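Comments concern the structure below.
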Amino acid sequence: MFNSSLRPGRLAFPFALKSAAALSHPSLAFSLHAAASKVSLDLDSFVRTSLADMYVKLGFLDCALKVFDETPDSHRAGNVLLWNVVLNGLCRDGDVERARELFDVMPERSVASWNSLVHGLLKRGDLDGAVELFEGMPERNVVSWTTMVAGLSRNGDNQRAVWMFDRMLENEVRGNEFTVAAALSACARMGALESGLRVHEYALANGFRENGAVGTALVDMYSKCGKIECASEVFDRMERRDVLTWTAMIMGWAIHGHWRKAFQCFEDMKCARVKPDDGVFLAVLMACVHSGKVEKGLELFDSMRFDYQIEPTMKHYTCIVDLFGRAGRLQEALEFMKAMPVEPDFVLWGALFSACRAHKNIEMAELAAENLLRLKPSHSGGYVFLSNMYSSARRWDDAEKVRITMKDQSVGKSPGWSYIEIRGQTHCFYAGDRSHPQSNEIHNKLEGLVLRAKEQGYEPDRECVLHDIEDEDKEDSLECHSEKLALAFGLISTADGEEIRIVKNLKVCGDCHSLMKVASLICGREIVLRDNKRFHHFNSGVCSCGDYW
DNA sequence: TTCGCACAAT
């Protein structure tokens, strides 16, 4: 081709370069670039853009920047495309400062230029910066809105993410599959069923049912909103399911405590010839953790390594330690940790610590706490853990020492909170919270409930006091755990017999768990509580977790 | 003839 007198390169090069990128073929990329230079076609505007784009896609940002830098200003000025390629490359690489500099001097900007920078800011967690830029955009398209919904949600601001979705619709911008999947994910993360249902309706009305990402997001949304049967229905109706879909379903069964269903689903997946990955193994292992199936979990762990050649990650190791730990087999948990080929991280020591606390093994707890503090001296978790541990053992002096150390180092604790969605509105409560407008009513309701519960044999459990607060007045504080406030608010805000759904950011304490059980009985209500690990469905005085959590 | 932006599980 290069020897031909026709020199068709000008038209052919962009396509050839695109292919080199698609094939992830660096040597082809370099020789094409050399060939283009030889016939001076690398000066062509179209070819330059394709070259830069190819290098970005292959991960050679330096080469893309070189192409850009060597382009004369006169050529750079009507070519927004070349600027966008480089801008996006910098954002993806995490170099937002340089992206911003480039953005500021661009001769012309398209919506995509703005979108790229907004995405870059969101990716590094600069929510305020992203929102400011977004609000100042001269024009927004569906990608702009989707970027915000997804980015806010991934950074934990799910309420604002759903609000963005609603605002998009108010602005009469039509969402697509990407937008809907992102919005559903935000609803899932915060357990907002009413919002999730609304997005589901929108998806149906717009014909997004066939989309795989939307389907998976729906399964996940229903599962995380406590509606595991609905998740299962959506799952059954799906025509195509990839490994992510199966994982969402298996994880759903796992967090709701249906281990048989989780195992069956895993078998069905293998029969459907979907190749298991590390994530789906994590989901089935989670089913074992929540149901105390230790031997089954170990069997799966071995199968993963030997039958599927999947290398365990720290999360898998944590699952196994959790599995032993919750079952009270602490020595085996510790031995497993010692035999691991990698050093245990903070989360893993945390799992061991929780197990030690639950099974009252102070010596091992001290070992775990030492490591927690060593790995993250500024993290409050280690201190809170240790202080709680000593309190449980009635070693008040030691507990006090830890708390003083904590104050000296001005370590802040992450507070416990719970929320409840009432008619599409989310109400959040902190431990001992009195800021809600109906606070008096809520506290009165709670007092009455506790009195009636005591008649039914409920006894406040003092050991849970320091779970997420540091109040001295124990009995009082116990009644103020955030999930209890959410429950009381739920009881006065919904009709008799209506189900109550609460989401909590920490593991539910033993005392609240007991009260919820009794409350479900005396109020004749199903109470669905999602804590940071799993679901508890309280019904007629019994919890679906079988008191194993 | 070139580009660009956003989605689902752990």
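Proteins get letters first, then strands, A, B, ... in listed order; numbering begins at 1 in each. Just so it is clear, the structure is predicted and the values come from calculations on it, not from any experiment. Only heavy atoms go into these numbers, but all of them, side chains included; no hydrogens, no water, no symmetry mates.
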request  = Name all pairs fulfilling the side-chain hydrogen bond (donor to acceptor under 3.5 Å, both in side chains) condition that reach into residues 126-137 of chain A, sequence neighbours left out, sorted by first residue then second.
outcome  =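 Every pair satisfying side-chain hydrogen bond (donor to acceptor under 3.5 Å, both in side chains) with a residue in residues 126-137 of chain A: Glu135(A)-Arg167(A).
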
message = Going by side-chain hydrogen bond (donor to acceptor under 3.5 Å, both in side chains), name the pairs with one or both residues in residues 275-291 of chain A, residues two or more places apart or in two chains.
response =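 Every candidate side-chain hydrogen bond (donor to acceptor under 3.5 Å, both in side chains) pair involving residues 275-291 of chain A fails, so no pair, neighbours aside, qualifies.
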
ask   = What pairs of residues pass the salt bridge (Lys or Arg N to Asp or Glu O under 4.0 Å) test when at least one of them lies in residues 182-207 of chain A, not counting sequence neighbours?
value = Asp166(A)-Arg198(A)

task = Just grab all the salt bridge (Lys or Arg N to Asp or Glu O under 4.0 Å) pairs involving residues 339-351 of chain A, residues at least two apart or on different chains.
result =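 Counting only pairs at least two positions apart or across chains, the salt bridge (Lys or Arg N to Asp or Glu O under 4.0 Å) contacts touching residues 339-351 of chain A are Glu343(A)-Arg374(A).
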
ask   = Would you say the side chain of Ser110(A) and the base of dG4(B) hold a donor-acceptor pair, judged only by whether the two atoms sit under 3.5 Å apart?
value =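 Side chain to base: pair found, below 3.5 Å.
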
key: Contact pattern, 5' to 3', of nucleotides 5-10 of chain B - B, S or - by protein heavy atom under 4.0 Å   = BBBBBB

request  = Respond yes when some side-chain nitrogen or oxygen of Lys18(A) is under 4.0 Å from OP1 or OP2 of dT1(B), and no when none is.
outcome  =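 So the side chain of Lys18(A) is outside the cut-off, no N or O lying under 4.0 Å from OP1 or OP2 of dT1(B).
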
query = Considering residues at least two apart in sequence or located in another chain, which fulfil the ring-ring contact (aromatic ring centres under 6.0 Å, His included) criterion with Tyr202(A)?
reply = Phe165(A)

task = Not counting sequence neighbours, which residues clear ring-ring contact (aromatic ring centres under 6.0 Å, His included) with Trp349(A)? List them please.
result =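 Trp349(A) satisfies ring-ring contact (aromatic ring centres under 6.0 Å, His included) with no residue once adjacent residues are dropped.
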
query = Taking DNA chain B as the partner, which of residues 52-64 of chain A come within under 4.0 angstrom of it by heavy atom?
reply = Asp53(A), Lys57(A)

Can I get a per-line list of side-chain donor-acceptor pairs under 3.5 Å for residues 51-68 of chain A, giving both atom names and the distance, sequence neighbours left out?
residue, atom, partner, partner atom, Å
Asp53(A), OD2, Lys57(A), NZ, 2.9
Tyr55(A), OH, His33(A), ND1, 2.7
Lys66(A), NZ, Glu70(A), OE2, 3.4

ask   = Taking atom NZ of Lys270(A) as the centre, does the number of heavy atoms from other residues, nucleotides or ligands within less than 6.0 Å exceed 12?
value =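 Check passes, neighbour count above 12.
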
